[in-house]
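Following: one structure in structure tokens, then a few remarks.
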Amino acid sequence: MANIDINARVIDNVKNDDIVSILNSIIDDELQKDVSLMNTELIDECVNALLQLEKEDNQLAALIPLMGSDDFLQKIQPKLYAWKNMNVFLRAGIIASIIASTTFTANAAYEKVTGVNVLGNITTSIQSKLIDWGLIKDEQEELIPVKKTEESTTAPIREIEEDDEIKVKPVVKTKSNNDKTTNHGIENLNGDDDEKPTDTGILNFNGDDDETPTDNGIDQLNDDDDENTTESGIDQFEGDDDEIEDDTSRKPEPTTEEPVAPAKPESDEVVFKGLSVEYDDNFKLDYIYGEKLSYDGIKLTAIYSNGNREPVSLNDCSYTKSVNMNVTADYTLRIIYKNCVVKIDITVRPDDETRGSQICENDLFDYLLTKKGAYITKYKGNETNIDLDKIDGYGVYAIAAQVFKGTDITDFTSDTVIKVFDSAFKDCSELVSCYTPRAEYIGNNAFENCVKLPHPVFSDYITHLGTAAYKNSGIEELLIKNNLVNISDELCENCSKLKALNLCGAEKIGKYAFSECTALASVLGTANIKEAEDFAFYNCSEAVFDEKPTALHKAGENAFAYCHKVDFGKLSIDSVDKYAFAYCYLLSGAEISGDIRVVPEGAFRGSHMTELILNEGTEEIYDTAFMSTSIVTVHLPSTLKSIGTYGLYSIKLREVYCNKALEEIGTSAFFKSKLKLYVFENTYAHTYAVENDINYELI
């Protein structure tokens, strides 16, 4: 059972005696947490207590059940209210709560600070208050005595034994006998009604309840109700009703009829009676990964006993501010205003196609039921040969991320699957066959590390191949259909068994797409390649292109490095990175666009190019850029300012026509034995030729 240790440290931290503030503070603290960490039972206990405080003359009735809650006691430990600051009413309430609960202990500090021996030495005035308020019986009822120990001069309260009898006057509820309104979508907020209207988009929440129902949308906070969850995900809060008619629409249209005002209470005092909730099409119930939780489109209205209605700002409420938007789950949001709690069911799903789908399962699979079919989210079996066209009578539409990742399956067949998502078969080291003839979408890393898979997905409909879809796999050939213009990064990186590739006119090759495919011999459909990003064909030393990639104008770092057998012909380059064409033996020549201000390090190093055209605009040639090429003659543009170390170092270079702008020439920029420089008199190039004993001629 629960224990509370009211010591000096706790008492010193107490600052306020407002029970409502305590409860609202606890609710607010819980609502700030992620839904998965939220203590919904504690929230409901506090809401029930608020309801009790709202409707009962005897406000201390709410304290007694709370003092029996471990969660509540743990929550208020650092927030207990200083005994010396409490009014006699609240002090009596705490004492009564301790008496009414079981196995509570209080140490010597309690008696020292309060001057009250709670169970054994209750003062006459306090005891009188307890009797007057009906929290304990009169003096004829025996209170539990306190046993003192010889070791201590102060008397700790003993734990209540199982046979001890505790006398507490029960709390009696009062109910209103007012009639309900007509069926206009706004409920009368009083008790003792026979039936409720249908949900027309405006909901009301009453505060005459002892308990809250289960967490399944927006629940009713009333007494005597058996069932009241509408399919809209928002329930009505009413007292003493038997049932609510279902509404088949998840977002009902708000009514335009004027509501009938609730009957006024017998007293002239105006009190809060409930909350009306409306929402429009902007209010979102179904989310997908990464979307932000929003309350846009919701309208809250407070209803009072005199029939008045006042708008309520969400900022005046306690409400759920965040949930995990990166997992497939159903969540319940809470909005709490005064004594009313609103619970709203929302869903979070992987993508637009599964938005709002139903979560289902059987013995082998968990899946989402979408309009297009079953979307498999988890495999729970041990079979190695899987034929999956239908599940529970529904056609299988998609395999979600990581469903079969790391399993021992050897064969997978499905005539219905359209999409295979990220890492669906990653690390399936025994997979030898995957037959999905209708597949259109293959996600990132879908078959990464499937080292025994010789063939990719069989399909003529592929429109998307994700990043690293076949990385480090055992595929031997890959045919990319015409509708794939861009080849994804790392698509077949390190596929050492890949021998044949058909690009079918693809224009852009992504980073590392075919890097280290050392067995790649035949590459078809290369005429349309315009861009090759970093390491696109790095070290494909045996690859032969069926056509010269004459459309190529952009090459990233090491894009074609060590492609010894690729016949590039002569290229016109607009963008080039370091070592892009290093050791490309069949590159015959290159024209460098003026848009390239810097020719980067090693860009054409070791290639067998014989012709080089540098256009106006190029300012620098970095180290080793054209080292060990077969260039014979170079005309430097008037914009060129520097040549780096080994920048044009080639034994075949015979003539270099220098400009007036040249300011810097690095160490061994040229192989000088048979070189002749053409220079302007009294320029940097002239001085360089003289100082380095290079043959020159004045222009």
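One-based numbering along the sequence shown.
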How long is the gap from CG on L484 to CG on L479, to the nearest 0.5 Å? 10.0 Å
Under 3.5 Å, is there a donor-acceptor pair between the D330 and T347 side chains? no
Please verify the inter-ring angle class for Y394 with Y367; under 30° counts as parallel, over 60° as perpendicular, anything in between as tilted. tilted
Do M38 and Q32 have side chains that get closer than 4.5 Å, going by heavy atoms? no
Pairs meeting criterion ring-ring contact (aromatic ring centres under 6.0 Å, His included) with involvement of residues 478-513, two or more places apart: Y512-F535
A side-chain contact here means heavy atoms from C-beta on lying under 4.5 Å apart; do N502 and I480 qualify? no
Passes side-chain contact (heavy atoms from CB on, under 4.5 Å), F421 versus I442? Steps please. CA-CA 6 Å; F421 284 96; I442 306 297; over 6 Å; no
C492 side chain near I475 side chain, heavy-atom distance below 4.5 Å: yes
Nearest heavy-atom pair of P437 and S414: which atoms, and what distance? CD-O, 3.4 Å
Within a reach of under 6.0 Å around OH of Y461, are more than 12 heavy atoms found that belong to other residues, nucleotides or ligands? no
Applied to residues 428-443, the side chain to side chain donor-acceptor pair (under 3.5 Å) test, sequence neighbours excluded, yields E430-K452
Check for me whether the distance between the ring centres of F537 and F545 falls short of 6.0 Å. yes
Measure the spacing between OG of S423 and CD1 of I399 and express it to the nearest 0.5 Å. 14.0 Å
Donor-acceptor under 3.5 Å (S294 side chain, D296 main chain): yes
Would you find more than 12 non-hydrogen atoms of other residues, nucleotides or ligands less than 6.0 Å from K321 atom NZ? yes
Shortest non-hydrogen contact between T370 and T354, atoms and distance: CG2-CG2, 3.8 Å
My understanding is that only residues two or more places apart in sequence, or in another chain, count here; which of them pass salt bridge (Lys or Arg N to Asp or Glu O under 4.0 Å) with K481? D460
Please report the closest heavy-atom contact between G274 and C340, naming both atoms and the distance. CA-SG, 4.0 Å
Are side-chain heavy atoms of N558 and D534 found at a separation under 4.5 Å? no
Testing the basics here: between L275 and V342, what is the closest heavy-atom pair and its distance to 0.1 Å? CD2-CG2, 4.0 Å
To check you understand the geometry: which heavy-atom pair defines the closest contact between K508 and N486, and what is its length? CB-OD1, 3.3 Å
Would a distance-only check, ignoring hydrogens and angles, find a side-chain to backbone donor-acceptor pair under 3.5 Å from Y289 to T328? yes
For the pair E516 and N494, evaluate side-chain hydrogen bond (donor to acceptor under 3.5 Å, both in side chains) and give the outcome as yes or no after the intermediate values. CA-CA 5 Å; E516 297 286 2; N494 198 37; over 6 Å; no
Candidate pair I529 and I509, rule side-chain contact (heavy atoms from CB on, under 4.5 Å), full reasoning: CA-CA 8 Å; I529 297 176; I509 313 298; 4.2 Å; yes
Should Y319 and L333 be marked as a side-chain contact (heavy atoms from CB on, under 4.5 Å) after you check the CA-CA gap, both sets of side-chain angles, and the distance that decides it? CA-CA 7 Å; Y319 63 96; L333 308 180; over 6 Å; no
First locate atom CE of M325, then atom CD of E291, and finally report the distance between them rounded to the nearest 0.5 Å. 7.5 Å
Between L501 and F514, is there a side-chain heavy-atom distance shorter than 4.5 Å? yes
Examine distances only and state if a side-chain atom of E448 and a backbone atom of K471 form a donor-acceptor pair shorter than 3.5 Å. no
Which pair of heavy atoms, one from L31 and one from I43, lies closest together, and at what distance? CD2-CD1, 4.1 Å
Under a 3.5 Å threshold, yes or no: a donor from one side chain and an acceptor from the other, between S313 and D316? no
Under 3.5 Å, is there a donor-acceptor pair between the N528 and E507 side chains? no
Minimum side-chain heavy-atom gap D345-Y331 below 4.5 Å: no
If we ignore hydrogens and angles and just use 3.5 Å, is the side chain of S357 paired with the main-chain N or O of L369 as donor and acceptor? no
Distance, nearest 0.5 Å, that separates CG of D29 from CG of L42: 9.5 Å
Hey, are K380 and D363 close enough for a salt bridge, meaning a charged N less than 4.0 Å from a carboxylate O? no
Aromatic Y375 / basic K372 pairing, under 6.0 angstrom, 45° off normal: no
If only atom types and distance count, is the side chain of R349 paired as donor or acceptor with the main-chain N or O of G356 below 3.5 Å? no
Show every salt bridge (Lys or Arg N to Asp or Glu O under 4.0 Å) that has at least one partner inside residues 405-422, sequence neighbours left out. E353-K419
Please report the interatomic distance CG(D546) to OG1(T526), rounded to the nearest 0.5 Å. 4.0 Å
Y379 meets the ring pair (Phe, Tyr, Trp, His ring centres under 6.0 Å) criterion, sequence neighbours left out, with F365, F404
What residues form a side-chain hydrogen bond (donor to acceptor under 3.5 Å, both in side chains) with N382, not counting sequence neighbours? none
So for atom NZ, which belongs to K292, do other residues, nucleotides or ligands contribute more than 12 heavy atoms lying within a distance under 6.0 Å? no
Taking atom CG of L293 and atom OG1 of T320, what is their separation to the nearest 0.5 Å? 8.0 Å
Taking atom types as modelled, is there a side-chain donor on D489 or T467 under 3.5 Å from an acceptor on the other? no
Donor-acceptor check, side chain of S522 to backbone of A500, threshold 3.5 angstrom: yes or no? no
Hey, is K499 close enough to E476 for a salt bridge, meaning N to O under 4.0 Å? no
Using the rule given for side-chain contact (heavy atoms from CB on, under 4.5 Å), can you reason through V323 versus Y287, listing the C-alpha separation, both sets of side-chain angles and the distance that settles it, and then say yes or no? CA-CA 11 Å; V323 298; Y287 293 82; over 6 Å; no
Indicate whether any N or O donor in one side chain lies under 3.5 Å from an N or O acceptor in the other, for D366 and T377. no
Does some side-chain heavy atom of Y295 sit less than 4.5 Å from a side-chain heavy atom of I335? yes
Answer whether the closest heavy-atom distance between the side chains of V277 and I344 falls below 4.5 Å. no
